[in-house]
Amino acid sequence: AGALEKYTTAHRICEDMGTVGSVELQDLFTQRAEEIRQSIRFCNYNLTGGSSSSTDAPPTLTGSGGDLLQAQLDAVLVDARKRQAQTLEELTWRSHTIAVRDETLRLAIVSARELDGDLESTTADDRSDNQYSKVLNACEDALKIVNSNISSLATMTGGTKVLCEAKGPAPPPVTLLPTHPSVRAGPSYWPLAKVHHTPLPCPQLEAQREDLRLLSGYLSHIKLTRMFERSKRLVLELRESWKIHTLTFSANKSSAAAAKSPARPEDIVHLYGSLTQILQDMLALPGVEEDDDLADALQAKLASVRAHRCYFLAETYSTNAKSSEALVLYDHAAQIAAQASDLLETCEDVQDELAEITLLQGAVSGAKSRAQAQAFLSSKSKEAPASEPPPSSGLQQRLAAYDAGKVGDSFKLAEVPPGFRPIQCKPLLFDVAHNYLDFPDFDEKAGVVQEKKGGGLFGWFRGNS
């Protein structure tokens, strides 16, 4: 137990110190923290008798000693960040060299970059929402300082140029006078009618404004990038849930996948709308319009997101039995996906997006076939007569019935043993004799007079009728 406490304290110190300092020191402290973690797992194994939950639990400090150590570590980290901020006089972002003049802004930028580096070093599957929230909050704090500095610089000028207009036919030329709210009239001045105060531009102020504008774009780019990643993770989870639901549509209701409530395509459409807005905000950031590579990559990602959104919007109409509207949207999604594929092929580091758009094109093709089949079945069901054989009857009795069935239905192909069917009570063999019988003629006895016709070719001339 004593060794576990010491190991836990050392692990916490090395873990926190691995976030500050040079890259070599960070790697050293991170490696030592991982080595100490193995020793902590060994101590937990001996203390708990091999319980996996206790062995894999992260080490934590408890008691008053842990609080005191945490306070000391926080003080050391703040001091290290201050020393690191003193050296952060400028930073480079997308071929822009930006000067950082404010000490408070330096500390905020160092904190945001440190948290963003920790998140970047973590694998995509192990990233938590808490890490994303810390990065977003740090970027938001730094942006507040940048906006405050921009507001303070907006009211500052490099001087004032006063333009005077004199009364009379021959006014004096425009002169630069002291910045005073009024001009005194005297014997050495012409009578003045108007005085215009024009601020003079200052190159240093303009440079500061440009640096703050680029810093706003830099911090906003980090913030929006992490927001995009977090929303994309949620979209992928809902897409996987929807895919499982569509694959298990014909399975038994008692299966575990079908028992869960599936994701709705409406929710996925809403999330893709948020991703579209994030990418549009990134395109409008300061400094992005000057970087063609970044702008092209964002445009390609935007086309990919729009194609996915259109596809799931079509899925929404398809689930609501609106096949005609779904077919139109599937065609539109295929067109946007083709455009996105062309744009992504010209960009770098977009292999994941390119693979997603390839899978989407295949999904759109299959969904179009499914929607066409549903439209055909719905049209045939409207034309079918009111009395159709039930699904429980055999296949021979349901040859003209287009019933898609429901989940869990078992269709009967044939009746075993065969059912009874009605037949004639007398064989047809005994009715063949009627073809060879000559029945007597009863017309003479019944008094039926047959009409006589004229004989010969000249019967009409003889008056025979």
Mind checking the [atom1]-[atom2] spacing from [X] to [Y]? Nearest 0.5 Å is all I need.
{"X": "Leu107", "Y": "Asp141", "atom1": "CG", "atom2": "CG", "result": "12.0 Å"}
{"X": "Ser121", "Y": "Asp116", "atom1": "OG", "atom2": "CG", "result": "9.5 Å"}
{"X": "Leu136", "Y": "Met227", "atom1": "CG", "atom2": "CE", "result": "6.5 Å"}
{"X": "Leu344", "Y": "Ser304", "atom1": "CG", "atom2": "OG", "result": "6.0 Å"}
{"X": "Ser274", "Y": "Phe228", "atom1": "OG", "atom2": "CZ", "result": "11.0 Å"}
{"X": "Leu153", "Y": "Ile150", "atom1": "CG", "atom2": "CD1", "result": "8.0 Å"}

Salt bridge (charged side-chain N to carboxylate O under 4.0 Å, His left out) with [X]: which residues, sequence neighbours excluded?
{"X": "Arg230", "value": "none"}
{"X": "Asp296", "value": "none"}
{"X": "Lys223", "value": "Glu140"}
{"X": "Asp267", "value": "Arg264"}

Note, [X] side chain near [Y] side chain (heavy atom, < 4.5 Å):
{"X": "Leu271", "Y": "Ile268", "value": "no"}
{"X": "Leu215", "Y": "Ile109", "value": "yes"}
{"X": "Thr316", "Y": "Lys322", "value": "no"}
{"X": "Asn44", "Y": "Ile40", "value": "yes"}
{"X": "Ile357", "Y": "His308", "value": "yes"}

Has [X] got a side-chain atom pairing as donor or acceptor with [Y]'s backbone, closer than 3.5 angstrom?
{"X": "Thr346", "Y": "Leu343", "result": "yes"}
{"X": "Thr358", "Y": "Leu354", "result": "yes"}
{"X": "Thr8", "Y": "Leu4", "result": "yes"}
{"X": "Arg306", "Y": "Thr276", "result": "no"}
{"X": "Ser318", "Y": "Ala314", "result": "no"}
{"X": "Ser365", "Y": "Gln361", "result": "no"}
{"X": "Arg213", "Y": "Pro286", "result": "no"}

Can you name the residues that form a side-chain contact (heavy atoms from CB on, under 4.5 Å) with [X], not counting sequence neighbours?
{"X": "Thr122", "value": "Asp126, Arg127, Gln131"}
{"X": "Leu313", "value": "Val269, Tyr317, Leu329"}
{"X": "Gln38", "value": "Glu34, Arg41"}
{"X": "Leu294", "value": "Arg94, His221, Val288, Asp291, Leu298"}

Who are the side-chain hydrogen bond (donor to acceptor under 3.5 Å, both in side chains) partners of [X], not counting sequence neighbours?
{"X": "Glu120", "result": "Arg226"}
{"X": "Arg233", "result": "none"}
{"X": "Asn137", "result": "none"}

Exercise for the section: For Glu229 and Lys232, run salt bridge (Lys or Arg N to Asp or Glu O under 4.0 Å): C-alpha distance rounded to whole Å, both residues' side-chain angles, the deciding distance at 0.1 Å, then the answer. Expected result: CA-CA 5 Å; Glu229 289 180 1; Lys232 187 72 174 292; over 6 Å; no
Testing the basics here: between [X] and [Y], what is the closest heavy-atom pair and its distance to 0.1 Å?
{"X": "Leu327", "Y": "Ala371", "answer": "CD2-CB, 3.7 Å"}
{"X": "Gly287", "Y": "Leu214", "answer": "CA-CD2, 4.2 Å"}
{"X": "Cys14", "Y": "Ile36", "answer": "SG-CD1, 4.1 Å"}
{"X": "Ala340", "Y": "Ala300", "answer": "CB-O, 4.4 Å"}
{"X": "Val146", "Y": "Leu212", "answer": "CG1-O, 3.5 Å"}
{"X": "Val364", "Y": "Ala333", "answer": "CG2-CB, 4.3 Å"}

Exercise for the section: Could you please spell out the steps behind the side-chain contact (heavy atoms from CB on, under 4.5 Å) verdict for Leu360 and Glu356? Expected result: CA-CA 6 Å; Leu360 177 65; Glu356 286 183 1; over 6 Å; no
Handout entry: CA sep, side-chain torsions, deciding dist, call: Ile222, Tyr218, side-chain contact (heavy atoms from CB on, under 4.5 Å)
Key = CA-CA 7 Å; Ile222 296 177; Tyr218 168 71; 3.6 Å; yes
Practice task
Not counting sequence neighbours, which residues clear ring-ring contact (aromatic ring centres under 6.0 Å, His included) with His332? List them please.
Solution key: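 So His332 forms no ring-ring contact (aromatic ring centres under 6.0 Å, His included) with any residue.
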Practice task
Give a yes-or-no answer on whether the side chains of Asp281 and Gln277 include a donor-acceptor pair shorter than 3.5 Å.
Solution key: yes
Problem - Verdict with supporting geometry, Arg239 and Tyr272, side-chain contact (heavy atoms from CB on, under 4.5 Å) - result: CA-CA 11 Å; Arg239 276 172 48 184; Tyr272 271 116; 3.0 Å; yes
Problem - Lys/Arg N to Asp/Glu carboxylate O, Glu240 vs Lys243, below 4.0 Å - result: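 Here Glu240 does not pair with Lys243 in a salt bridge, since their nearest N and O are not under 4.0 Å apart.
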Problem - Residues Arg370, Glu315: salt bridge by 4.0 Å N-O rule - result: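 Yes.
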Exercise for the section: Could you check Leu143 against Ser216 for side-chain contact (heavy atoms from CB on, under 4.5 Å), going step by step and ending with a plain yes or no? Expected result: CA-CA 6 Å; Leu143 283 172; Ser216 176; 4.0 Å; yes
